Participant: 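Quick one: the structure is below, and I'll ask about it shortly.
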Amino acid sequence: MKKNILITGGAGFIGSHVVRLFVNKYPDYRIINLDCLTYAGNLENLRDVEHAPNYIFEKVDILDTNGLKQAFERHSVTDVIHLAAESHVDRSISDPLAFVKTNVIGTVNLLNAAKDFWKGADDRLFYHVSTDEVYGSLDHGGFFTESTAYDPQSPYSASKASSDHFVRAYANTYKLRTVISNCSNNYGPNQFPEKLIPLCIHNIRNNKPLPVYGKGENVRDWLYVVDHARAIDVVFHKGKIGETYNIGGFNEWKNIDIVRLLCQKMDEKLGRSAGTSANLITFVKDRAGHDLRYAIDASKIQRELGWEPSLQFEEGIGKTIDWYLANEDWLDHVTSGAYQQYYQAHYGK
Ligand code: NAD
Ligand code: TYD
């Protein structure tokens with residue numbers, strides 16, 4: 001069946017992998033990438049698909065009610081996959097309101113646009129992409145399941161939890177057909193170097209300090225971004241309406257162990273003697289309210305939809321480092337700000 005799928009946040013890290021997968025795998029679908037290009041939006045991520053006949057870019061802010069309405073009408077949108085968000089916990093600590101605006105009000109704006117345009121049609125889908133951080137912080141035992149009570153601890157996770165609640169409220173109140181997935185930490189190509197793994201790769205390459213918050217004992221559960229995109233494909237096509245699916249790789253690491261692993265692999269790849277990069281590790285003041293541990297129980301999506309990660313962590317980290325080393329231009333454009341001229345230069349508006 002032909003679909004016109006509006007993917008929000010498609011110029012970002014995860015969104016660009018989702019756009020690429022859908023554009024290449026489903027030539028019958030039209031993929032409308034709607035993104036306002038914040039600091040995290042980078043159209044260089046999509047160079048390889050930007051001329052595909054089934055790909056369209058719309059520079060629109062999800063806070064712009066009229067812009068959304070026009071985009072739905074112009075492209076006869078049949079489905080939404082919503083990834084646009086402010087996504088970095090540290091930024092949410094210094095500017096919580098930006099997160100309320102985009103993640104909460106922007107999501108409600110998008111829900112309204114879909115509800116008003118679809119008018120109760122029974123073959124439409126609003127897919128909301130969310131995070132495991134809505135469940136709060138775990139101690140050393142246990143996993144987040146789909147029935148774990150929400151207990152967000154940072155302004156970022158509070159804003160994402162709120163947006164999840166609004167999606168469920170629209171499903172209940174207006175019978176909007178929705179599905180939600182909550183995923184663990186992603187890593188891989190095209191991640192903005194404010195997040196732990198690309199930041200360390202960038203700093204090791206440039207012999208700069210590797211800031212480890214607190215003692216580096218916090219635990220995250222890491223998934224390769226392409227496996228997340230594959231999971232989104234599966235949930236979009238096979239997920240049950242109204243359901244929630246947790247996505248993760250059963251792959252927990254202490255931050256300090258990740259940083260050490262990156263140092264070791266980068267020493268090998270850069271031909272440095274063993275232990276060189278580890279000298280860059282610098283323990284710094286802890287993040288305020290730093291969640292201790294996230295760990296996803298991803299058995300529901302494995303059991304019910306047949307998805308599982310395709311890459312082991314060591315392989316994924318190796319591919320990730322190789323990508324950043326082979327794409328130094330990408331990192332240089334991001335750190336110099338040159339990537340922000342791409343839209344003007346290529347779309348000429
Ligand atoms: P990102 O910060 O790399 O990209 C966000 C994208 O959204 C950018 O392209 C940005 O320009 C766009 N955007 C931001 N505000 C917008 C607005 N008001 N209007 C239109 N576009 C806007 O984020 P990411 O890491 O790719 O995360 C994507 C989604 O996945 C988010 O909803 C996030 O909460 C969720 N998520 C992320 C992770 C992770 O590890 N990164 C894990 C689980 C879930
Ligand atoms: P991050 O990549 O920001 O993702 P999130 O906060 O959503 O989990 O951080 C991953 C972990 O790494 C988190 O426990 C905070 C820690 N961290 C550092 O120790 N140093 C850093 O410079 C950054 C950005 C993160």
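First listed ligand is number 1; within each ligand, the first listed atom is number 1. Computed from a predicted model, the values in this text were never measured in an experiment.
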Participant: So which protein heavy atom does atom 9 (O) of ligand 2 come closest to, and at what separation?
Facilitator: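 Atom 9 (O) of ligand 2 sits closest to the protein heavy atom Arg287 NH2, 4.0 Å.
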
Participant: For atom 14 (O) of ligand 2, which protein heavy atom lies nearest, and how many Å away is it?
Facilitator: His290 NE2, 2.7 Å

Participant: Any idea how His17 and Phe13 line up, ring-wise: parallel (<30°), tilted (30 to 60°), or perpendicular (>60°)?
Facilitator: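 Rings of His17 and Phe13: perpendicular, as their planes differ by over 60°.
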
Participant: Assess Lys59 against Tyr343: is NZ or CZ under 6.0 Å from the centre of the six-membered ring, and within 45 degrees of the ring's axis?
Facilitator: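 Geometry flag: set, cation within 6.0 Å and 45°.
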
Participant: Of the options Arg287, His290, His88, which is the one that meets Ile93 in a side-chain contact (heavy atoms from CB on, under 4.5 Å)?
Facilitator: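 Going through Arg287, His290, His88 one by one, the side-chain contact (heavy atoms from CB on, under 4.5 Å) with Ile93 is satisfied by Arg287 alone.
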
Participant: For the pair His165 and Tyr150, name the ring-plane relationship: parallel under 30°, tilted 30 to 60°, perpendicular over 60°.
Facilitator: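 It falls in the tilted class, 30° to 60°.
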
Participant: I want to check a possible cation-pi pair here: Arg124 against Phe117, using under 6.0 Å from ring centre and within 45° of the ring axis as the test.
Facilitator: no

Participant: What verdict does the side chain to side chain contact (heavy atoms under 4.5 Å, CB included) test give for Lys319 and Tyr224, after you've listed the backbone C-alpha separation in whole Å, the side-chain angles of each residue and the deciding distance to 0.1 Å?
Facilitator: CA-CA 10 Å; Lys319 275 175 88 114; Tyr224 192 61; 3.7 Å; yes

Participant: Counting only nitrogen or oxygen atoms and a 3.5 angstrom limit, does Arg220 reach ligand 2?
Facilitator: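 For ligand 2, there is an N or O atom that lies under 3.5 Å from one belonging to Arg220.
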
Participant: Please name the residue in the list Asn185, Leu196, Ile258, Asn251 that meets the side-chain contact (heavy atoms from CB on, under 4.5 Å) test with Arg220.
Facilitator: Asn185

Participant: Counting from 1, what ligand 2 atoms have a heavy atom of Val212 closer than 4.0 Å?
Facilitator: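 Listed by number with element: 19 (O).
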
Participant: Among all the protein's non-hydrogen atoms, which is closest to atom 7 (O) of ligand 2, and how far away is it?
Facilitator: Glu133 OE2, 2.7 Å

Participant: For Tyr170 and Phe126, I'd like to know if the aromatic rings sit close, meaning centre-to-centre distance below 6.0 Å.
Facilitator: no

Participant: Does Pro211, backbone or side chain, put an N or O under 3.5 Å from an N or O of ligand 2?
Facilitator: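 Between Pro211 and ligand 2, an N or O pair is found under 3.5 Å apart.
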
Participant: What do you reckon, does His88 have a nitrogen or oxygen under 3.5 Å from a nitrogen or oxygen of ligand 2?
Facilitator: yes

Participant: Number the atoms of ligand 2 from 1 as they appear, then name those within less than 4.0 Å of a heavy atom of Val89, with their elements.
Facilitator: 6 (O), 7 (O)

Participant: Can you label the angle between the Tyr187 ring and the Phe313 ring as parallel, tilted or perpendicular, going by 30° and 60°?
Facilitator: perpendicular

Participant: Before signing off on this row, confirm whether Leu196 and ligand 2 have an N or O atom pair separated by under 3.5 Å.
Facilitator: yes

Participant: Which ligand 2 atoms, with their elements, are less than 4.0 angstrom from a heavy-atom of Lys195?
Facilitator: 2 (O)

Participant: In order of chain and number, which residues sit within 4.0 Å of ligand 1 by heavy atom?
Facilitator: Gly9, Ala11, Gly12, Phe13, Ile14, Asp35, Cys36, Leu37, Thr38, Ala40, Gly41, Val60, Asp61, Ile62, Leu83, Ala84, Ala85, Ser87, Thr102, Val129, Ser130, Thr131, Tyr156, Lys160, Cys183, Ser184, Asn185, Asn186

Participant: Do Lys300 and Tyr245 form a cation-pi contact, if we require the NZ or CZ to be under 6.0 Å from the six-membered ring centre and within 45 degrees of the ring's axis?
Facilitator: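 So Lys300 does make the cation-pi contact.
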
Participant: Which is closest to atom 11 (C) of ligand 2 in terms of heavy atoms, Asn255, Leu199, Asn186?
Facilitator: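 Nearest heavy atom to atom 11 (C) of ligand 2 lies in Asn255.
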
Participant: Where is the tightest heavy-atom contact between Trp330 and Asn45, given as atom of each residue plus distance?
Facilitator: NE1-OD1, 2.7 Å

Participant: With respect to Glu194, determine whether any N or O atom, backbone or side chain, lies less than 3.5 Å from an N or O atom of ligand 2.
Facilitator: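 For ligand 2, there is no N or O atom that lies under 3.5 Å from one belonging to Glu194.
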
Participant: Given Asp79 and Ile81, is the side chain to side chain contact (heavy atoms under 4.5 Å, CB included) satisfied, shown in steps?
Facilitator: CA-CA 7 Å; Asp79 304 84; Ile81 305 178; 5.8 Å; no

Participant: Give a yes or no on whether Gln312 atom CD has more than 12 heavy-atom contacts from other residues, nucleotides or ligands under 6.0 Å away.
Facilitator: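 Open: at most 12 neighbouring heavy atoms sit under 6.0 Å from CD of Gln312.
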
Participant: Quick check: Asn185 and ligand 2, any N/O pair under 3.5 Å apart?
Facilitator: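 Yes, at least one N or O pair falls under 3.5 Å.
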
Participant: Report the nearest protein non-hydrogen atom to atom 19 (O) of ligand 2: residue, atom name, distance rounded to 0.1 Å.
Facilitator: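 For atom 19 (O) of ligand 2, the nearest protein heavy atom is Tyr213 N, 2.9 Å.
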
